[in-house]
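I have placed the structure first, in the form of structure tokens, so that the comments after it can refer back to it.
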Amino acid sequence: MDFAFDARTEELRAKLLAFMDEHVYPAEPVAEEQRAALASPWDTPAVVGELKAEARRQGLWNLFLPDPAYGAGLTNLQYAPLAEITGRSPHLAPTALNCAAPDTGNMEVLAQFGSEEQRKRWLQPLLAGEIRSAFAMTEPEVASSDATNITTLIERSPDGSEYVVTGRKWYISGAMNPDCEIFIVMGKTDPEGSDIRRQQSMVLVPRDTPGVEVRRAMRVYGYEDHSHGGHAEVVFHGARVPAANLVGEEGGGFAIAQARLGPGRIHHCMRLIGMAERAIELMCRRAVARTAFGKPLAQQGVVQEWIADARVAVEQVRLLVLKTAWLMDTVGNRGAHTEIQAIKIATPRTVVDILDRAVQLHGAGGVSQDFPLAELWAAARTLRLADGPDEVHQRSLARRELKRYL
Ligand SMILES: Cc1cc2nc3c(=O)[nH]c(=O)nc-3n(C[C@H](O)[C@H](O)[C@H](O)COP(=O)(O)OP(=O)(O)OC[C@H]3O[C@@H](n4cnc5c(N)ncnc54)[C@H](O)[C@@H]3O)c2cc1C
């Protein structure tokens, strides 16, 4: 078993680490300042555009896409340590590299299931980082962790030329950003169908379609999450789109959602590990610099215990994430199903715990806007819900485990 990264990964890691030091970390306060001066807080600060141009110039672009026809052609195992590095500045770096959710998952859907026309119209500008996109599945009225509950209707018009979309979604990431021009909407084309996993379909709904209302920004622990383009409530009041906007086939929505979530989940976990590394770094810097009751915090046994435990925990989840990436590369996303669930359960929990200790070590500063910790904590905590709550993954993983004994 070889734990070393290959030459290409090492080369990209070195380049990316330098990009983070020279461009991304210095841009963090600049983005904050620029956002405060924007006409709308949902607009994109100019520095983000500059970061994107520089990343693209350096070949640090679309690293997440394994298909070389569209992206860098890296395996999951090659991409994992790079995504981890971007997680150290999760509000800027993934966007700078055009590797930010939900666009990544949406690009994968279009690359894999989109028609030639759809790829030309929407995938190309997304790959070029010219527009953003959103994925609209969750609904306030139903338990959406069970996607068969979705009630949004996607009805074929009597002459068959259009689909009419009616329903209400919420927590639709990115949708507040005016650059978000396209929604992939999950709804039901056959609500009475006998197979509950074939009732759903996905359609592309451009933002400017009459009947699309981006109603409000949902908060996350009190934050509006501007840097991610917010998480919007979006209402579709009989929005009409051409029939050609169907993604894949009618009844294929559930399967596409499953295919989309595998890579999406591991990408989140990779970035979470980077968030934990940033927390450990901040913890150590603070511990050696701050003195209480006559000695540096770093000399308190309890602080040493937090730091040691954090290091052990992050190494554990990293190994599990890398193993999962390797399995996805070697036996496919389906073959890695159990491990994808395992990392989606283990990583957010572990990282939330590390961030919580880092907040504690920083005292009031930890919950303030002067350190990234509170915002990182809120972001990590939401990942125990988004892309499937812990309990749903636990249920499915336990069932698989138990099956062997039945
Ligand atoms: C910041 C953020 C961003 C998001 N972005 C998007 C997005 O871009 N697009 C999108 O469509 N959605 C998005 N979501 C929504 C997210 O995917 C859903 O919140 C998630 O799937 C859970 O659905 P729900 O909120 O309806 O919870 P419910 O389905 O109502 O579940 C509530 C709770 O019930 C428990 N539960 C559910 N099932 C089981 C079970 N089988 N066994 C035991 N307990 C169970 C769990 O504890 C779960 O948390 C986002 C959410 C957040 C917080």
Side-chain angles (χ1 to χ4, degrees), residues 42 90-91 94-95 100-109 132-152 154 165 167-177 180 182-188 196 200-205 207 214-236 247 253-254 256-258 260-265 267-268 271-272 275 341 344-345 348-349 351-352 374-400 402:
W42 304 111
H91 302 306
T95 305
D103 298 302
T104 43
N106 296 340
M107 286 188 258
E108 279 158 2
V109 165
R132 305 294 303 266
S133 59
F135 183 73
M137 184 157 84
T138 303
E139 300 178 2
E141 305 297 346
V142 293
S144 303
S145 51
D146 175 357
T148 63
N149 282 339
I150 298 305
T151 62
T152 291
I154 302 177
V165 185
R168 186 157 76 98
K169 304 283 187 182
W170 75 348
Y171 279 91
I172 306 310
S173 300
M176 296 303 295
N177 183 333
C180 173
I182 186 76
F183 301 132
I184 301 182
V185 181
M186 170 104 148
K188 286 195 174 169
I196 55 166
Q200 306 78 7
S201 302
M202 286 192 194
V203 282
L204 296 171
V205 181
R207 182 195 196 87
V214 179
R215 183 170 278 178
R216 59 173 176 154
M218 305 308 302
R219 292 194 182 152
V220 173
Y221 289 103
Y223 289 102
E224 289 208 304
D225 214 355
H226 296 123
S227 49
H228 280 127
H231 308 282
E233 178 178 342
V234 183
V235 188
F236 299 94
V247 183
F254 194 89
I256 298 175
Q258 292 300 311
R260 183 185 183 280
L261 287 172
R265 286 174 180 147
H267 294 167
H268 276 314
R271 287 186 293 262
L272 276 162
M275 288 158 69
Q341 287 181 322
K344 182 64 178 58
I345 296 164
R349 270 191 196 167
V351 176
V352 166
E375 210 173 348
L376 291 180
W377 183 92
R381 181 63 182 82
T382 64
L383 290 172
R384 292 190 54 197
L385 297 166
D387 282 4
D390 293 357
E391 296 75 17
V392 173
H393 296 299
Q394 285 170 311
R395 170 178 176 261
S396 156
L397 206 153
R399 277 180 164 185
R400 248 175 213 235
L402 287 165

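Numbering of ligands and ligand atoms starts at 1, following listing order. FYI, the numbering just counts along the sequence from 1.
Atom 31 (O) of ligand 1 has its nearest heavy-atom neighbour, among P102, G388, S145, A257, in S145. Considering V234, L385, N106 only, the shortest heavy-atom separation from atom 20 (C) of ligand 1 involves L385.
Per-residue contacts place M137 under 4.0 angstrom from the following atoms of ligand 1 (heavy atoms of the residue considered): 10 (C), 11 (O). Taking a cut-off of under 4.0 Å to the non-hydrogen atoms of R395, the atoms of ligand 1 that pass are 41 (N). Within ligand 1, the atoms closer than 4.0 Å to a non-hydrogen atom of V142 are 26 (O), numbered from 1 in the order shown. Near D387, with a cut-off below 4.0 Å to any heavy atom, the atoms of ligand 1 are 17 (O).
The two atoms that bring I154 and G187 nearest to each other are CD1-N, 3.4 Å, heavy atoms only. Shown here for F236 and V185, the closest heavy-atom pair between the two residues is CZ-CG2, 3.6 Å.
Remark: E224 CD to R216 CZ distance equals 11.0 Å, nearest 0.5 Å. To the nearest 0.5 Å, atom CZ of residue F135 and atom CD1 of residue I172 are 9.0 Å apart. Note that CG of D387 and CZ of R265 are 6.0 Å apart. Values are rounded to the nearest 0.5 Å.
Counting protein heavy atoms only, atom 3 (C) of ligand 1 is closest to S173 OG, 3.4 Å. Nearest to atom 24 (P) of ligand 1 among the protein's heavy atoms is S144 N, 3.9 Å. If you check which protein heavy atom lies closest to atom 43 (C) of ligand 1, you get E391 CB, 3.5 Å. Looking only at heavy atoms of the protein, atom 25 (O) of ligand 1 is closest to T138 CG2, 4.5 Å. Remark: minimum distance from atom 13 (C) of ligand 1 to any protein heavy atom is reached at Y171 O, 3.0 Å. Looking from atom 39 (C) of ligand 1 to the surrounding protein, the closest heavy atom is V392 CG2, 3.9 Å. Shortest contact from atom 9 (N) of ligand 1 to any protein heavy atom: F135 O, 2.8 Å.
Checking each of V235, T138, I150 against K169 for a side chain to side chain contact (heavy atoms under 4.5 Å, CB included) leaves exactly one that passes, namely I150.
If you look at D390 next to ligand 1, there are no close heavy atoms at all, none under 4.0 Å. Only the side chain of P389 comes within 4.0 Å of ligand 1, counting heavy atoms alone; its backbone N, CA, C and O stay farther away. For H231, every heavy-atom contact with ligand 1 shorter than 4.0 Å involves the side chain, none the backbone.
In this structure, R215 and R168 have side chains that are in contact, with non-hydrogen atoms separated by less than 4.5 Å. Counting heavy atoms from C-beta outward, R132 and T95 have side chains that approach closer than 4.5 Å. A heavy-atom distance below 4.5 Å is found between the side chains of R260 and P102. E139 is not listed as a side-chain neighbour of W170, based on a closest heavy-atom distance of 4.5 Å or more.
At a distance under 4.0 Å, a protein heavy atom can be found next to atom 41 (N) of ligand 1. For atom 46 (C) of ligand 1, the nearest protein heavy atom lies closer than 4.0 Å.
The N/O atoms of D146, backbone and side chain alike, include none that comes under 3.5 Å of an N/O atom in ligand 1.
Side-chain contact of T151 with E141: a donor-acceptor pair under 3.5 Å is absent, judged by distance alone.
The side-chain tip of R381 does not point at the ring of Y221 from less than 6.0 angstrom away and within 45° of straight on.
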